[in-house]
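Read through the structure below, which is laid out as structure tokens, and then see the notes.
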Amino acid sequence: MRQINQAGLNLIESFEGCKLKPYLDSVKIPTIGIGTTVYPDGKKVTMKDPAITKDQAYAFLKSHMDKDCEAVSNMVKVVINDNQFAALVSFAYNCGRAALAASTLLKRVNAGEFQKAADEFLKWDHAGGVVVAGLTRRRQAERALFLHPV
């Protein structure tokens with residue numbers, strides 16, 4: 001199975017951070033570690049959960065990444081480079097695999113319209129109906145990674 005490259009992992013961690021105690025994300029979803037909202041066993045994170053270790057945070061990230069990498073591999077029907085793959089996995093990690101599956105972004109990728117696909121990232125900067133500066137920066141970073149040749 002194809003894996004996300006280090007540039008993609010660095011991007012994800014730079015935006016998610018690593019918090020060892022539960023916190024509420026920008027739309028009030030309980031989160032822990034490196035953006036984990038659901039543990040590998042399928043249980044949702046709650047604000048009452050105990051703190052985790054850094055090793056656990058990375059294990060949760062790896063578990064989620066494995067699923068995202070498999071999903072992106074199955075959704076993309078054209079040849080893409082490692083940075084394009086990493087940008088799509090980062091998007092899926094943040095927005096959800098279902099959002100990617102239904103997106104114009106994916107349609108553009110599968111049509112081989114890579115410049116138009118890259119521009120689609122920028123449309124996904126809202127949370128709770130409001131533009132979020134952190135999401136704007138993240139989508140710009142994903143777009144830049146998508147367009148960066150390997």
(request) Keeping the roles fixed (side chain from S14, backbone from L11), state whether a donor-acceptor pair exists under 3.5 Å. (result) yes
(request) Apply ring-ring contact (aromatic ring centres under 6.0 Å, His included) to Y58 and list each qualifying residue two or more places apart in sequence or on a separate chain. (result) none
(request) Tell me, please, which residues at least two apart from F15 pass ring-ring contact (aromatic ring centres under 6.0 Å, His included). (result) none
(message) Same cluster or not: Y93 versus I52, using hydrophobic residues (I, L, V, M, F, W, Y) connected whenever any side-chain heavy atoms lie under 4.5 Å apart?
(response) no
(message) Same cluster or not: L105 versus M75, using hydrophobic residues (I, L, V, M, F, W, Y) connected whenever any side-chain heavy atoms lie under 4.5 Å apart?
(response) yes
(message) Which residue in the set K43, K19, K44 passes salt bridge (Lys or Arg N to Asp or Glu O under 4.0 Å) when paired with D49?
(response) K43
(request) Take I12 and I4 through the side chain to side chain contact (heavy atoms under 4.5 Å, CB included) test and state the conclusion after the steps. (result) CA-CA 11 Å; I12 290 168; I4 188 170; 3.8 Å; yes
Which distance, rounded to the nearest 0.5 Å, do you find between the [atom1] of [X] and the [atom2] of [Y]?
{"X": "E70", "Y": "Q3", "atom1": "CD", "atom2": "CD", "value": "10.0 Å"}
{"X": "Q56", "Y": "Y39", "atom1": "CD", "atom2": "OH", "value": "8.5 Å"}
{"X": "H64", "Y": "T37", "atom1": "NE2", "atom2": "OG1", "value": "5.5 Å"}

(message) Strictly below 4.0 Å, N to O, side chains only: are K116 and E120 in salt-bridge contact?
(response) no
(message) Strictly below 4.0 Å, N to O, side chains only: are D125 and R137 in salt-bridge contact?
(response) no
(message) Would you say that more than 12 heavy atoms from the other residues, nucleotides or ligands in this model lie under 6.0 Å from the NE2 of H126, or not?
(response) yes
(message) Please determine whether salt bridge (charged side-chain N to carboxylate O under 4.0 Å, His left out) holds for the pair R2 and D82, giving the CA-CA distance in whole Å, both sets of side-chain angles, and the decisive distance to 0.1 Å.
(response) CA-CA 9 Å; R2 191 168 185 180; D82 288 345; 3.0 Å; yes
